[in-house]
Amino acid sequence: MTSNEIRDKFLQFFKERNHTIVPSSSLIPDDPSVLLTTAGMQQFKPYYSELDPITTIHPSIKKPVGKNAASIQKSFRTSDIDEVGDESHLTFFEMLGNFSFGGYFKEEAIKFGYDFIAGKDWMGLDIEYVTIFDPDKVPLDDWRKGVPFDEESYHIWKKIGLPEEKIRRDGVDVFWGPTGNEGPCGPTTEIYVKNAEGKAVEIWNIVFNEFYRDKNMRLTPLKTPGVDTGMGLERLAMVSESVGSIFETDLFVPLIQVLELNDRSGRLNQRTKRIMADHARGISFLIADGVRPSNKETGYVLRRLLRRFVVNEYLNEGTNPYFEKLLHVIIENYGKFYGELDYDLIDTVFNEEKAKFMATIEKGLRELKAVEKLDAKAAFKLFESFGLPYEVVKELGGGKAEALTREDFEKEFDKHREISRAGVEKKFGGHGLILDTGELKAGNEEELKKVLRLHTATHLMQQALREVLGQGVHQMGSDITPERTRFDFSFDRKLTPEEIKQVEDKVNAIVQADYEVRFQEMARSEAEKTGALHFFKAKYPDQVKVYYVTPKGKGIPEAWSKEFCGGPHVTHTGEIGTFRIAKEEGIAQGVRRIRAVVE
Ligand code: SER
């Protein structure tokens with residue numbers, strides 16, 4: 001079955017079962033709590049909590065949706081960017097989904113899932129196993145711990161005839177949502193099917209939205225409980241076409257072929273080809289939906305994809321414009337489903353950004369090509385002088401970087417840190433430092449008190465910067481001495497005096513409110529789920545500390561600022577004193593530096 005046939009079958013299946021077919025919404029959602037559309041349910045989110053599906057006119061079909069709907073939704077997951085290149089992860093993908101808002105529930109939803117996947121007239125696939133929600137599999141301190149075992153789903157699968165060992169119990173992974181800070185969520189049941197290499201792949205996620213989670217992580221029963229399902233078209237095509245990776249499906253083969261045909265020197269390795277194919281699709285769809293490269297939010301996502309693509313393009317075939325060739329194929333394959341894909345527009349936006357980017361890094365890339373051997377020292381120099389990250393050097397260095405490891409690269413980093421530490425020690429008259437975390441340095445008790453105040457102020461400043469300038473602000477570096485804090489972050493222009501004032505006012509308001517500064521140690525994966533900020537360049541251990549600043553007696557959910565951090569900090573924000581930004585300047589394209597003091 002081709003992927004076009006799968007699309008048709010899916011919509012036909014649900015049309016025959018009384019579902020309204022709703023077209024894909026934009027990748028840029030109306031919902032301000034999320035950056036991009038990550039699932040088919042995004043456009044339907046309000047139907048579970050506020051809107052009446054029977055009376056509300058849906059903007060794209062110009063009539064009410066009714067209680068049951070199905071769609072094929074353009075989706076984009078930034079969380080998977082670093083995994084692109086393996087057999088099943090993508091940034092952009094299409095999600096097949098059926099939805100019910102106060103209509104059918106578990107019985108029908110599971111039956112539909114089973115019939116479509118296993119039914120001889122439909123996909124005709126063998127189900128390897130399914131998963132169901134069991135709170136016993138949820139960690140003790142997790143907010144989902146109190147949700148009851150999904151006994152109903154268990155019995156429905158049994159009734160369908162699935163043997164006991166094919167109904168597996170799982171925890172956090174089979175509880176879905178909410179998207180953003182708050183929204184509908186609930187237990188799920190997932191269907192797994194084997195691919196050509198014998199690996200069981202998650203194909204379909206069937207969510208039973210039973211609860212609404214508010215900003216404070218409180219669960220209340222939903223006004224309109226319902227069903228939200230999601231199945232990645234690319235993964236379904238992989239098992240249906242009986243291949244071992246999504247990149248071998250008809251959705252990707254034409255793209256991979258174009259890359260291979262134009263790769264005259266045969267330098268593109270498999271992972272690079274996959275990344276380029278994925279990113280070309282992601283770039284095209286983001287631009288078509290109105291995203292433009294910038295250092296903020298969706299613009300930053302687009303910029304990251306585009307730059308990674310360009311680096312690969314440049315290093316592997318000089319100036320060969322791979323992108324245009326891929327874009328032709330993308331338009332040919334998707335143009336009839338997604339009319340917004342406009343060749344000239346996408347090509348123009350791509351090339352404007354490419355030209356800008358090339359001017360900045362051309363020097364670094366030339367150096368990378370010229371270097372004979374890319375050992376840790378050479379790699380660190382490329383990073384320090386031209387901003388080429390380890391991954392890029394490793395990936396693009398090819399054979400020259402064969403012996404280069406992240407560990408050695410980091411050792412080089414530490415060596416550099418020791419050198420600057422030696423410099424500080426000298427400054428302190430050789431007395432040695434009583435605190436040196438790399439980021440914080442203090443020579444005596446008095447200085448220690450000062451750097452702690454500046455350290456907490458730095459956390460508050462990062463949060464304030466994100467509130468004033470947007471979520472595209474990310475830490476790029478920081479350094480704290482008893483005199484000042486120095487903080488580097490991503491942003492593409494000078495701050496206005498008003499913005500600087502707003503940031504100062506926000507920090508000083510939290511100082512006035514005398515919030516508590518506390519930390520909790522937890523597994524990295526759990527820490528990531530709290531939404532705590534972390535430094536994307538750093539490598540964190542499996543167990544991390546999350547420092548948070550919260551009103552007296554409150555916890556992480558109510559915190560105003562939260563970050564991965566080793567500490568130490570003051571215990572109350574009142575200790576900080578008055579915070580003032582002393583200087584703001586640009587230090588590289590898209591990177592700003594602030595020096596701030598506490599008085
Ligand atoms: N919202 C769920 C998911 O994204 C099911 O559609 O997996």
Side-chain angles (χ1 to χ4, degrees), residues 6-7 10-11 13-14 19-27 29-31 33-49 53 65 68-80 83 88-101 103-106 108-110 112-114 116-117 130-133 144 147 150 153 170-193 201-213 222 224-236 238-239 246 529:
I6 296 177
R7 281 199 192 91
F10 181 81
L11 295 179
F13 181 92
F14 283 103
H19 287 64
T20 305
I21 307 302
V22 180
S24 172
S25 61
S26 166
L27 280 172
D30 295 330
D31 178 357
S33 74
V34 287
L35 220 48
L36 289 164
T37 299
T38 58
M41 66 87 72
Q42 189 67 52
Q43 63 164 315
F44 301 119
K45 204 168 148 180
Y47 289 127
Y48 296 101
S49 46
V65 169
N68 312 330
S71 70
I72 300 177
Q73 173 67 47
K74 294 180 283 187
S75 306
F76 195 104
R77 295 204 173 164
T78 50
S79 56
D80 292 339
E83 280 166 87
S88 63
H89 285 90
L90 292 170
T91 55
F92 170 84
F93 64 102
E94 291 172 270
M95 191 181 253
L96 314 178
N98 57 294
F99 309 89
S100 155
F101 322 108
Y104 62 84
F105 206 43
K106 297 189 181 177
E108 295 89 333
I110 292 181
F112 289 155
Y114 177 78
F116 185 72
I117 293 295
V130 300
T131 51
I132 52 166
F133 178 79
R144 286 154 281 212
V147 178
D150 190 0
S153 296
D170 201 351
V172 172
D173 280 351
V174 284
F175 189 99
W176 196 86
T179 60
N181 296 330
E182 57 180 323
C185 58
T188 83
T189 179
E190 295 174 334
I191 300 178
Y192 283 74
V193 175
V201 186
E202 179 202 325
I203 294 301
W204 207 341
N205 189 13
I206 300 171
V207 182
F208 304 116
N209 278 320
E210 294 181 55
F211 308 104
Y212 192 89
R213 197 194 82 187
L222 265 183
T224 314
V227 175
D228 148 33
T229 87
M231 174 159 57
L233 175 65
E234 292 79 0
R235 287 192 189 182
L236 185 59
M238 161 169 71
V239 293
I246 47 183
K529 283 185 201 132

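As the structure lists them, so they are numbered: ligands from 1, and atoms in each ligand from 1.
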Heavy atoms only: give me the nearest [X]-[Y] pair and the separation to one decimal.
X	Y	answer
Gly171	Phe133	O-CD1, 3.6 Å
Gly186	Phe211	CA-CD1, 4.3 Å
Thr224	Phe101	CG2-C, 3.3 Å

Protein contact to atom 3 (C) of ligand 1 [nearest heavy atom, distance to 0.1 Å]
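Minimum-distance protein heavy atom for atom 3 (C) of ligand 1 reads Trp176 NE1, 3.2 Å.
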Going by heavy-atom distance to atom 5 (C) of ligand 1, choose the closest among Leu96, Thr188, Asp228, Asn209.
Asp228
Measure the spacing between CD of Glu210 and CG of Asp150 and express it to the nearest 0.5 Å.
7.0 Å
Does Trp176 reach the side chain of Asp228, with side-chain heavy atoms less than 4.5 Å apart?
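Yes, at least one pair of side-chain atoms sits under 4.5 Å.
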Are any of the N/O atoms in Val207 less than 3.5 Å from those in ligand 1?
no
Please determine if Thr229 has a nitrogen or oxygen closer than 3.5 Å to a nitrogen or oxygen of ligand 1.
yes
At a non-hydrogen distance cut-off of under 4.0 Å, which region of Arg77 contacts ligand 1 (side chain, backbone, both, or neither)?
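Near ligand 1, Arg77 shows its side chain, while the N, CA, C and O stay back.
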Within a distance under 4.0 Å of any heavy atom of [X], pick out the atoms of ligand 1 and give their elements.
X	result
Gly230	5 (C), 6 (O)
Met41	1 (N)
Asn205	2 (C), 3 (C), 5 (C), 7 (O)
Ala39	1 (N), 4 (O)

With sequence neighbours excluded, tell me which residues meet ring-ring contact (aromatic ring centres under 6.0 Å, His included) with Tyr114.
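Applying ring-ring contact (aromatic ring centres under 6.0 Å, His included) to Tyr114 gives none.
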Is it true that Phe10 and His19 have ring centroids separated by less than 6.0 Å?
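For Phe10 and His19, the ring centres are not under 6.0 Å apart.
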Would Glu202 count as a contact of ligand 1 if the rule is a heavy atom under 4.0 Å away?
no
Does even one non-hydrogen atom of Met95 get within less than 4.0 Å of ligand 1?
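Met95: in contact with ligand 1 (<4.0 Å).
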So, using side-chain contact (heavy atoms from CB on, under 4.5 Å) as the criterion, who are the partners of Glu202 when residues are at least two apart?
Glu190, Tyr192, Asn205, Arg235
